[in-house]
Each structure stands twice: as C-alpha cells, then as structure tokens.
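So the structure is just underneath, and the comments pick up after that.
Note on naming: letters A, B, ... go to the chains in the order of the sequence lines (proteins, then strands), and numbering restarts at 1 for each one. Note that this is a predicted model, so its numbers are computed, not measured. Side chains are part of it too, since the values below use all heavy atoms of this structure and drop only hydrogens, waters and symmetry mates.
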There are 2 protein chains.
Amino acid sequence: MTKFMNQKNEIINKLRGSGLRPTKQRILIAKNLFDNNKTFHFTVETLNRKINKSGNEKISLATIYNTVEAFTNAGYLKEILTSKNKSYYDTNIKSHHHFYDEGSKELTDINYNQIKLSKVPIPPKGKKIKNLEVVIRIQK
Amino acid sequence: MTKFMNQKNEIINKLRGSGLRPTKQRILIAKNLFDNNKTFHFTVETLNRKINKSGNEKISLATIYNTVEAFTNAGYLKEILTSKNKSYYDTNIKSHHHFYDEGSKELTDINYNQIKLSKVPIPPKGKKIKNLEVVIRIQK
DNA sequence: TATCTAGTTTATAATAATTCTAAACTAGAA
DNA sequence: TTCTAGTTTAGAATTATTATAAACTAGATA
Ligand SMILES: [Mn+2]
Ligand SMILES: [Mn+2]
Ligand SMILES: [Zn+2]
Ligand SMILES: [Zn+2]
C-alpha cells in the first residue's frame, strides 16, 4: 500500500523533474518500463502490445510514441539503432554493449567491462564522441 | 577505349560470376558504384539521384532497390545499419569501422587497425559472431 | 539468325514504421 | 472554480521499403 504509494510518487517526481506533467498515461507507461528491478529492451510495437493488453485502460499508439520520445529525451530511455526499419529502446541507461541476434532480432546486454577497447581513434576536428557502444551481430 | 572496354568487361564478368545477368541497368549502376578508385557510402536515395541525374538513361527506383539488394547479397556492397529509418550502404567491403555524424548524418571510415579490441565477450551458446564493426557516434 | 523463356525491369500499389494535425481533454496554477 | 498551456487522441500524411504483375530482354537453343 505505502509501497505502491511510494512507487507512484517516485514516478511523479521523476516526471516533474523533467518538466513532464504526470498524466495517467505517462504514469502507466512509466510503471511498465521502470517498475521492475530488471531492465529490458523493447520496440514501440511490443510496448504498445504490453500496455494495451492487460486490464489497463487503453493508451493510443500516438501517445506511446510521444511518451517514448519524451522519456528518451529526458534520459530515462536509450534508443538503440541496430535494426533495419525499426527502433529499439533500452530501459538500461548505463553505458553498455549489446549482442544483436539477426535471427530472433533480439538484443542482449553485454556489461561495459566485458569489452575492452585498447585503441580508439580521435574524432574529426570539431567533433566529439557522443557514444561508443558496440553492437556485436550474432547468428546461428 | 580499350580501357573502357576492359572496365565494362570486368563488370560483366563480376556480375556473371554471381549469377546476375549483366543488364544495361546493372552495368550502369555498377559503373557508378565500382568505377572509382575510392570507396564511398550511400543511401538508395542518393544513388537514385546520382544515376537519374546525369545524361544517363533513367533507371526505375524499383530497379535501384533490387540491384542494391542483389549486389549486397553478392557481397559487392555492405549494408550499414546506423540511422533511424534509413539504410546506408558501403562500397568498401573490407572489414572496417565508422564514425557516424549525427548532425550531417554522414559516415566516415575508420581503418580496421585504428580500433583495437583487447577483450571481446563469448557469444551465447549456439550463436556465433557474424560481424564486429564499431560505429562511433559523433557530434559537434 | 530466329525463336523461346527465365530472368529482369518497371509503374504502380501495398505495407510498415513513424510523424503530423487539429480537435477534445486535463493538470494544476491562479 | 476558472483558465490555459500542455497533453491525448483518431485519423491522415509521410517516408522508406517491398510486393505485384505486365512488358521487356539476355542469351541459350534450334
Ligand atoms: Mn520508417
Ligand atoms: Mn521503413
Ligand atoms: Zn541494453
Ligand atoms: Zn565504410
């Protein structure tokens, strides 16, 4: 009871902290994404299915898109560009690497320290490195 | 004269060698892609513009798509998945890495030996590494 | 060289993911 | 309670790509 109360308040504070109004849609989506003690990868399609399946009130696809974008901009989600034609998102926002299975089209985390880059090039003049995360493509 | 002859014959042999009929469309596209002594990156959109601009006879967009796919399957091109919603291709088929500029949306090659991976994880059981090329995202 | 046909090209339609639009709704400040 | 900027929503629009099916052609064979 108080636990649920706290969880919801945490979400509300988190949203407010980024200038996002805590609407019931955002709160419900946030619960689905951040409630767990484990992180996971998803696409808009899978998130939409998950949310509009259970006993939940329905949320429009447009809002799912809007919210995922807002959460990504706020730094609560990371976008992972790895697949043709479809964006993946990660609730694990720590810097880390991935396996991407070309067959099942699934991502798996690789801990940051599981890959060691002993030599990295200097970026072109005037540019800086925004992100250096490795995607290793695997298959059967 | 003989030089052009040879170039065209090289292309024809290359195509035949992969079971691809050397049609005039494929030959023209191949000239645009492989004629140079330098490699480059492109999207279907940029290739289509390039080909349907100059004095060339026109080639349909569908054929551009078909041909890029055929050349990729034949190993003459590499697909680079790095950008949301659009596929990039590389005429450099040697194993190498890339900078991807988020601002200009341009790829730049990084020589294979400019990045050294001193530690790489073992892929999940039953899977093997298909590809380990690093994309470093850069910005201003 | 003429004929034949599987492979290819093409215009166009269809699909898939995503973004846009504009009207209805709502959080929360006043 | 009122008010309004921010938000949600259904549906249309857009973009990249793939599918369809009719017309064309490379090149093997007669
Ligand atoms: Mn798309
Ligand atoms: Mn697409
Ligand atoms: Zn991850
Ligand atoms: Zn390259």
Side-chain angles (χ1 to χ4, degrees), chain A residues 8-9 11-32 41-52 56-74 76-77 79-89 105 107, chain B residues 8-9 11-32 41-52 56-74 76-77 79-89 105 107:
Chain A
K8 187 171 176 182
N9 282 334
I11 288 173
I12 289 177
N13 291 334
K14 188 171 181 171
L15 293 173
R16 287 230 172 83
S18 311
L20 296 170
R21 278 196 193 166
T23 63
K24 70 177 192 301
Q25 291 86 345
R26 285 175 178 161
I27 291 166
L28 177 56
I29 294 172
K31 273 182 186 164
N32 273 275
H41 308 102
F42 67 94
T43 64
V44 167
E45 192 195 356
T46 62
L47 178 61
N48 186 48
R49 250 204 306 276
K50 187 179 181 188
I51 285 184
N52 286 308
N56 301 327
E57 305 129 80
K58 304 299 177 231
I59 297 181
S60 78
L61 182 58
T63 296
I64 308 265
Y65 271 103
N66 291 342
T67 303
V68 166
E69 191 188 18
F71 286 5
T72 303
N73 291 338
Y76 305 150
L77 291 174
E79 192 176 6
I80 298 175
L81 300 175
T82 191
S83 154
K84 210 181 162 100
N85 295 335
K86 196 181 269 190
S87 283
Y88 282 68
Y89 296 87
K105 297 182 188 311
L107 286 163
Chain B
K8 186 170 176 182
N9 281 335
I11 288 173
I12 289 177
N13 291 335
K14 188 172 181 171
L15 293 174
R16 286 230 173 84
S18 311
L20 296 170
R21 276 196 195 166
T23 63
K24 70 177 194 300
Q25 291 87 346
R26 285 175 177 161
I27 291 166
L28 177 55
I29 293 172
K31 273 182 186 165
N32 273 273
H41 307 103
F42 67 94
T43 64
V44 167
E45 192 195 355
T46 62
L47 178 62
N48 186 47
R49 251 205 305 276
K50 186 179 182 189
I51 284 184
N52 286 309
N56 300 328
E57 305 128 79
K58 305 297 177 234
I59 297 180
S60 78
L61 181 59
T63 296
I64 307 265
Y65 271 103
N66 290 341
T67 303
V68 166
E69 190 188 18
F71 285 6
T72 302
N73 291 338
Y76 305 150
L77 291 174
E79 192 176 7
I80 299 175
L81 300 175
T82 192
S83 154
K84 209 181 161 98
N85 295 335
K86 196 180 268 190
S87 282
Y88 282 67
Y89 295 88
K105 297 182 190 311
L107 286 163

Please tabulate, for the side chains in residues 18-27 of chain B, all donor-acceptor contacts under 3.5 angstrom to protein atoms that are two or more places apart in sequence or on a different chain.
{"unit_1": "B:Ser18", "atom_1": "OG", "unit_2": "B:Tyr76", "atom_2": "OH", "d": "2.2"}
{"unit_1": "B:Thr23", "atom_1": "OG1", "unit_2": "B:Arg26", "atom_2": "N", "d": "3.2"}
{"unit_1": "B:Arg26", "atom_1": "NH1", "unit_2": "B:Arg21", "atom_2": "O", "d": "3.0"}

To the nearest Å, give me how far apart CD1 (B:Ile27) and P (C:dT8) are.
12 Å
Which residues pass the salt bridge (Lys or Arg N to Asp or Glu O under 4.0 Å) test with B:Lys50, sequence neighbours left out?
none
Protein and nucleotides 28-30 of chain C: nitrogen or oxygen contacts under 3.5 angstrom:
{"unit_1": "C:dG28", "atom_1": "OP1", "unit_2": "A:Arg16", "atom_2": "NE", "d": "3.2"}
{"unit_1": "C:dG28", "atom_1": "OP1", "unit_2": "A:Arg16", "atom_2": "NH2", "d": "2.8"}
{"unit_1": "C:dG28", "atom_1": "OP2", "unit_2": "A:Arg16", "atom_2": "NH2", "d": "3.2"}

Below 3.5 Å between N/O atoms, which protein atoms pair up with nucleotides 11-14 of chain C? Just atom names and distances, please.
none

Looking at every strand, decide which applies to A:Thr23 at a 4.0 Å heavy-atom threshold: base, sugar-phosphate, or nothing.
sugar-phosphate
Grab the CD-P distance between A:Glu79 and C:dT19 for me, whole Å please.
8 Å
Can you tell me how far P of D:dT18 sits from CD1 of B:Ile64, to the nearest Å?
14 Å
So side-chain hydrogen bond (donor to acceptor under 3.5 Å, both in side chains) across residues 57-72 of chain B, not counting sequence neighbours, yields B:Ser60-B:Thr63
Counting any heavy atom closer than 4.0 Å, what does B:Lys24 reach on the DNA or RNA strands: base, sugar-phosphate only, or nothing?
nothing
In whole Å, I'd like the distance from the OH atom of A:Tyr88 to the P atom of C:dA17.
10 Å
Which nucleotide in the list D:dT18, C:dT9, C:dT19 gets nearest to the side chain of A:Tyr65?
C:dT19
Quickly work out the B:Glu69 CD to D:dA16 P distance and round it to whole Å.
18 Å
Under the salt bridge (Lys or Arg N to Asp or Glu O under 4.0 Å) rule, collect the residues that match up with A:Arg16, sequence neighbours excluded.
none
Say whether, by atom type as modelled, one donor and one acceptor occur between the side chain of B:Asn48 and the main chain of B:Leu61 under 3.5 angstrom.
no
Does the side chain of B:Ser87 get closer than 4.0 angstrom to OP1 or OP2 of D:dT17 through an N or O atom?
yes
Has A:Gln25 got a side-chain N or O lying under 4.0 Å from the OP1 or OP2 atom of D:dT9?
yes
Under 4.0 angstrom between B:Arg26 side-chain N/O and D:dA26 OP1 or OP2
no
